There are 2 protein chains.
Amino acid sequence: MFRSAPDNIDRIFAALADQTRRAILARLTGGDVGVMDICEPFEMSQPAISRHIKVLETAGLITRHRQGTHRMCRLSPDGLGAIEPWLSMIANSYATKYNRLDAVLETMQTKETPDAPSSTCP
Amino acid sequence: MFRSAPDNIDRIFAALADQTRRAILARLTGGDVGVMDICEPFEMSQPAISRHIKVLETAGLITRHRQGTHRMCRLSPDGLGAIEPWLSMIANSYATKYNRLDAVLETMQTKETPDAPSSTCP
DNA sequence: TCTAAACATAACTATATTATTATATAACTA
DNA sequence: TAGTTATATAATAATATAGTTATGTTTAGA
């Protein structure tokens, strides 16, 4: 009768289910960005962006810190970590049959880890 | 002024942002299941489950086929494929810094592929 | 101390989502 | 063909989400 409260995983997936918020995350892969700079490419009011940012923060996908008069947004290093086990579970079950999602995951895994020598970088 | 229509990725993430639907997907990892059997563990009406199933189907996460009087639900082999490039992009950017999401992805990748010999299976 | 820039919050509106009950449809089965 | 089982659809209500404008707050600097 009552809808159960959203859990962490709910919040992460819900946060990702919006093009604007995904675009914000993508932007943050380039480094920390202030709220006004995040607003710039969007045809949307600043309060609307502020709310999107809050959704991302509540989901644990980003963090914020002051820098003078700016509030810089930063990707949370392990923000997506909470959904990985779940995705793995489903992906594994696919894989036990006939699946090519593994290929994509291998691609993710082939890039070197930070402590590896960056010999392949020009 | 008008909210842009949801794209495929929106639909997939939105579909995953619900515990009931994730539970349904998890259930389907065990093999195809009919709608009434899917309903069984939930304290929710059958029409509600039917709608959840429809959301999963619209997102491309499951398919259905008739089997006599039953409509069997089945995981779509590449259902999650559409979000993988996006997740990879974000994960990669984490990884360029200091990240352990790679570890999880490696875990996903260590299980053998279907065409590999199952020598490690007891 | 006054002002401006960079944000956050509030109040409100429109639309989407989720659940319920009631009812329709489709395929077996007697 | 009538009945039953499995499932879908419709109508409706409650709540959540996303956007808007207006306004508040914090910090830096003249």
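Throughout, protein chains are lettered first and strands after them, A, B, ... in sequence-line order, and every chain is numbered starting at 1. For the numbers below, each heavy atom of this structure counts, side chains included, while hydrogens, waters and symmetry mates do not. The shown structure was predicted, so the numbers you read here are calculated from the model rather than taken from an experiment.
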Hey, is the side chain of B:His52 poking within less than 4.0 Å of OP1 or OP2 on C:dA19, counting only N and O atoms? yes
Between B:Pro6 and B:Gln67, who's closer to the 5' end of DNA chain C by nearest nucleotide?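 Checking each residue's closest nucleotide, the 5'-ward one belongs to B:Pro6.
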Would you check if [X] and [Y] make a side-chain contact, meaning some heavy-atom pair closer than 4.5 Å?
{"X": "B:Asp32", "Y": "B:Leu75", "value": "no"}
{"X": "A:Met44", "Y": "A:Thr20", "value": "yes"}
{"X": "B:Ile12", "Y": "A:Phe13", "value": "no"}
{"X": "B:Arg71", "Y": "B:His65", "value": "no"}

Would A:Met72 and A:Val33 satisfy side-chain contact (heavy atoms from CB on, under 4.5 Å), going step by step from the backbone distance to the final call? CA-CA 5 Å; A:Met72 306 304 281; A:Val33 184; 5.5 Å; no
Please compare A:Met44 and A:Gly68 by the position of their nearest nucleotide in DNA chain D and report the one closer to 5'. A:Met44
B:Leu56 side, atom CG; B:Arg64 side, atom CZ - distance, nearest 0.5 Å: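 Result: 9.5 Å between the selected atoms.
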Value for CZ (B:Arg11) from CG (B:Leu61), rounded to nearest 0.5 Å, stands at 11.0 Å
Each nucleotide in nucleotides 5-11 of chain D should get exactly one letter: B, S or -. Can you fill that in based on protein heavy atoms under 4.0 Å? BSBBB--
Identify, residue by residue, the members of residues 9-26 of chain A with a heavy atom below 4.0 Å from DNA chain C, and return them in order of residue number, or none.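 Output list: empty, so none.
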Measure the distance from CD on B:Glu43 to P on C:dT20 and round it to the nearest whole Å.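 In whole Å, C:dT20 P and B:Glu43 CD are 10 Å from each other.
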Using purine N1 to pyrimidine N3 plus N6-O4 or O6-N4 for Watson-Crick, or N1-O2 and O6-N3 for G-U wobble, both under 3.5 Å, which nucleotide pairs with C:dA30? D:dT1
Would you call B:Asp7 and A:Arg22 a salt bridge, taking side-chain N to carboxylate O under 4.0 Å as the test? yes
